[in-house]
Trainee: 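Have a look at this one.
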There are 2 protein chains.
Amino acid sequence: MSYNLLLVEDDVDLASTVIDYLALEKIYCDHASNGMLAIELLQQHQFDVVILDINMPHMDGISVCKKMRELGLTTPVIMLTARDTLEDKLAGFNAGTDDYLVKPFAMLELVARIQVLAKRISGQTSKLSLYGVELNFTAKSAYRNNRKLSLTPTGLSILEILMRKANNVISRQQLIQNIWGDFSPESNSLKVHLFKLRQQLNQNGAPELIHTVPGQGFIFKSKND
Amino acid sequence: MSYNLLLVEDDVDLASTVIDYLALEKIYCDHASNGMLAIELLQQHQFDVVILDINMPHMDGISVCKKMRELGLTTPVIMLTARDTLEDKLAGFNAGTDDYLVKPFAMLELVARIQVLAKRISGQTSKLSLYGVELNFTAKSAYRNNRKLSLTPTGLSILEILMRKANNVISRQQLIQNIWGDFSPESNSLKVHLFKLRQQLNQNGAPELIHTVPGQGFIFKSKND
DNA sequence: GTCAAAATTAACCTTGCGTTAACCCAAGTT
DNA sequence: AACTTGGGTTAACGCAAGGTTAATTTTGAC
């Protein structure tokens, strides 16, 4: 998995050290040497995470973060700083940062924290694993408790739709829309697909995961409570 | 905004210190003294964030977190620990934690980090919570004191209408208008719906929340005001 | 063109929501 | 006291939504 970052850091040497290291981890990193530029780039491109140095001339990291949030930019932010007093940290969180890392830090810790944030945002994984159900997109296969399910393409896509919105009710209409697009079968096709999908999922008495919410739709979750 | 946390910590004294402090911040915190119990509680209830001590007998925090993720529990985790080596941290992130805080830590920092994680969740699930009644729009379900109510679509929408205008009287006409639009049933349908809704809300002697204002309509409020 | 897999259809069964009507109760009116 | 009015409670019914099964059509690989 490769991520797309923005590093905001006025110290060019430090910046290139970080960028080079992250490149080894397949994390690609744009660089902005000041806050103004950062805001501009953020408005033009989509980043997974922003790494923000606090101590910068002109516009410091706190202000950049505040400005971002004011502009409605919700990209996760990790603040980097040498200052580790509680006051500084609170100022950071107050400005809307998601994480706060004190220099000197280990690159591996930065990478770990980047991954946590990036994973949350981009649901773009090739595998989806939830409640013992594993969905492998590249292999187009699904497992429950390590037992392979035999699903048809539509069965698989129904499962995917439900799992991606786990714990959310999906209406019949939404399902139909997502599977068939604007025009769809006229009869109980969906019902049959759902039935067969559940049949596969619930082999040997495994608990139901696709719950019906009468009059509302279906929901993928562990227990019906 | 009030959050609902689970603290997993075997040291009961420390636990109650944390819980008491968080209570001041309007953060309500259940307590599990061991990993097993934590997993069980997590499967039964919906928490915004889990605070997980790493160093516990029997099942340590790392294992608890791993187990959670295996089970598909995506609740954000903050690990608390006295161990601050890079290895320990990486083990934590590898197990699927969202944040890692080294003891001793400032309560205010913990609170700040809780809020960051909780906010991210609350952005994903839209809820309305009032007087112990929780309305989850994404799951289209309602709870009172964590007990699930079985409501029909109309029941749910009546509850929603009343809760959105809590402490205001809603006339019958307004209710009918909002539920059925311009043309509506001719008989006592609304009465029956209301009756069934109250029946669900007031199970095991819970105090009435939907009060009748004779000749005016209905009002959602707690008794003592 | 054949064949198997997948999708759709139709028919039927089961569940449960919404509506209705009928009845109950208390308070106010005549 | 009988009647009216606003509201609460209950049971019954019809119908739509959902689930199940089998048969038929479509698709796509060979």
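Throughout, protein chains are lettered first and strands after them, A, B, ... in sequence-line order, and every chain is numbered starting at 1.
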Trainee: Go through residues 199-216 of chain B and report each residue with a non-hydrogen atom lying under 4.0 Å from DNA chain D, sorted by number.
Mentor: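 T212(B), P214(B), G215(B), in order of number.
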
Trainee: Under 4.0 Å between a side-chain N/O of W180(A) and OP1 or OP2 of dA7(C), yes or no?
Mentor: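 Checking dA7(C) against W180(A), no side-chain N or O comes under 4.0 Å of OP1 or OP2.
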
Trainee: Identify the residue among I51(A), D99(A), D98(A) that makes a side-chain contact (heavy atoms from CB on, under 4.5 Å) with P76(A).
Mentor: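 Going through the options one by one, the only one that passes is D98(A).
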
Trainee: Looking only at side-chain atoms of H193(B), point me to the closest of dT8(C), dT19(C), dG7(D).
Mentor: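 The nucleotide sitting nearest to the side chain is dT19(C).
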
Trainee: Calculate the interatomic distance between F195(A) atom CZ and dA6(C) atom C1'; express it in whole Å.
Mentor: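 Result: 16 Å.
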
Trainee: dC17(C), dA7(C), dT8(C): which one has an atom nearest the side-chain heavy atoms of T154(B)?
Mentor: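 Nucleotide nearest to T154(B)'s side chain: dC17(C).
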
Trainee: I want to check something: taking the side chain as every heavy atom from C-beta on, are R164(B) and F220(B) in contact at a cut-off of under 4.5 Å?
Mentor: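 Not in contact.
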
Trainee: L190(B) has an atom CG; how far is it from atom C1' of dG18(C), in whole Å?
Mentor: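 Distance check: L190(B) CG to dG18(C) C1' gives 12 Å.
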
Trainee: Tell me which of K191(B) and K196(B) sits closer to the 5' end of DNA chain C, going by the nucleotide each one is nearest to.
Mentor: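 The 5'-side residue here is K196(B).
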
Trainee: Whole Å only: how far is the CG atom of L194(B) from the P atom of dG8(D)?
Mentor: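 After rounding, the gap between these two atoms is 7 Å.
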
Trainee: Choose from dT20(C), dG19(D), dC17(C) the nucleotide whose nearest atom is closest to any side-chain atom of P153(B).
Mentor: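 Nearest nucleotide to the side chain: dC17(C).
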
Trainee: Where the side chain of V192(B) is defined as all heavy atoms beyond and including C-beta, which of dA22(D), dG19(D), dT19(C) is the nearest nucleotide?
Mentor: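 For the V192(B) side chain, the nearest candidate turns out to be dT19(C).
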
Trainee: Given side chains that start at C-beta, do those of M107(B) and V18(B) come closer than 4.5 Å, heavy atoms only?
Mentor: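 They are in contact (side-chain heavy atoms under 4.5 Å apart), so the answer is yes.
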
Trainee: Quick one: are L6(A) and L41(A) in side-chain contact, heavy atoms under 4.5 Å?
Mentor: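 The answer is yes, as the side chains (C-beta and beyond) meet within the 4.5 Å cut-off.
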
Trainee: Quick one: L175(B) CG to dG7(D) P, roughly how many Å, whole number?
Mentor: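 After rounding, the reported distance stands at 12 Å.
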
Trainee: Considering only heavy atoms from C-beta outward, does the side chain of N55(B) approach that of T81(B) to under 4.5 Å?
Mentor: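 No, too far: nothing below the 4.5 Å cut-off.
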
Trainee: Given the structure, check if the side chain of N188(B) and the base of dT10(D) hold any donor-acceptor pair shorter than 3.5 Å.
Mentor: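 No, the side chain and the base share no sub-3.5 Å donor-acceptor pair.
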
Trainee: Indicate yes or no: at least one non-hydrogen side-chain atom of Y21(B) is less than 4.5 angstrom from one of E25(B).
Mentor: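 Answer yes - side chains close enough.
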
Trainee: May I have the distance from I176(A) (atom CD1) to dG18(D) (atom P), rounded to whole angstrom?
Mentor: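 That distance rounds to 10 Å.
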
Trainee: Would you indicate whether the side-chain heavy atoms of M79(B) and I62(B) approach each other to under 4.5 Å?
Mentor: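 I62(B) vs M79(B): side chains touch.
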
Trainee: Nearest whole angstrom, please: distance from the C1' of dT8(C) to the CD1 of I158(A).
Mentor: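 Taking atom C1' of dT8(C) as the reference, CD1 of I158(A) is at 13 Å.
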
Trainee: My understanding is that only one of R144(B), K221(B), M163(B) makes a side-chain contact (heavy atoms from CB on, under 4.5 Å) with L209(B); could you say which?
Mentor: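 Result: among R144(B), K221(B), M163(B), R144(B) is the only option passing the side-chain contact (heavy atoms from CB on, under 4.5 Å) with L209(B).
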
Trainee: For the helix from dG1(C)-dC30(D) to dT30(C)-dA1(D), measure the angle between the helix axis at one end and the axis at the other, each built from five pairs, rounding to 10°.
Mentor: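 Terminal axis comparison yields 30°.
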
Trainee: How many Å lie between CG on L156(B) and P on dC17(C), as a whole number?
Mentor: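 After rounding, the gap between these two atoms is 12 Å.
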
Trainee: Does dG6(D) have OP1 or OP2 sitting under 4.0 Å from an N or O in the side chain of R172(B)?
Mentor: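 No, outside the criterion.
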
Trainee: Do M68(A) and V50(A) have side-chain heavy atoms sitting under 4.5 Å apart?
Mentor: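 A side-chain contact under 4.5 Å exists here.
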
Trainee: How many Å lie between CZ on R198(B) and C1' on dG8(D), as a whole number?
Mentor: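 Taking CZ of R198(B) and C1' of dG8(D), I get 8 Å after rounding.
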
Trainee: Between T152(B) and dG16(C), is there a contact of a side-chain N or O with OP1 or OP2 at under 4.0 Å?
Mentor: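 For dG16(C), OP1/OP2 do not have a side-chain N/O of T152(B) under 4.0 Å.
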
Trainee: Are any non-hydrogen side-chain atoms of Y100(B) and R113(A) less than 4.5 angstrom apart?
Mentor: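 Yes. Closest side-chain heavy atoms under 4.5 Å.
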
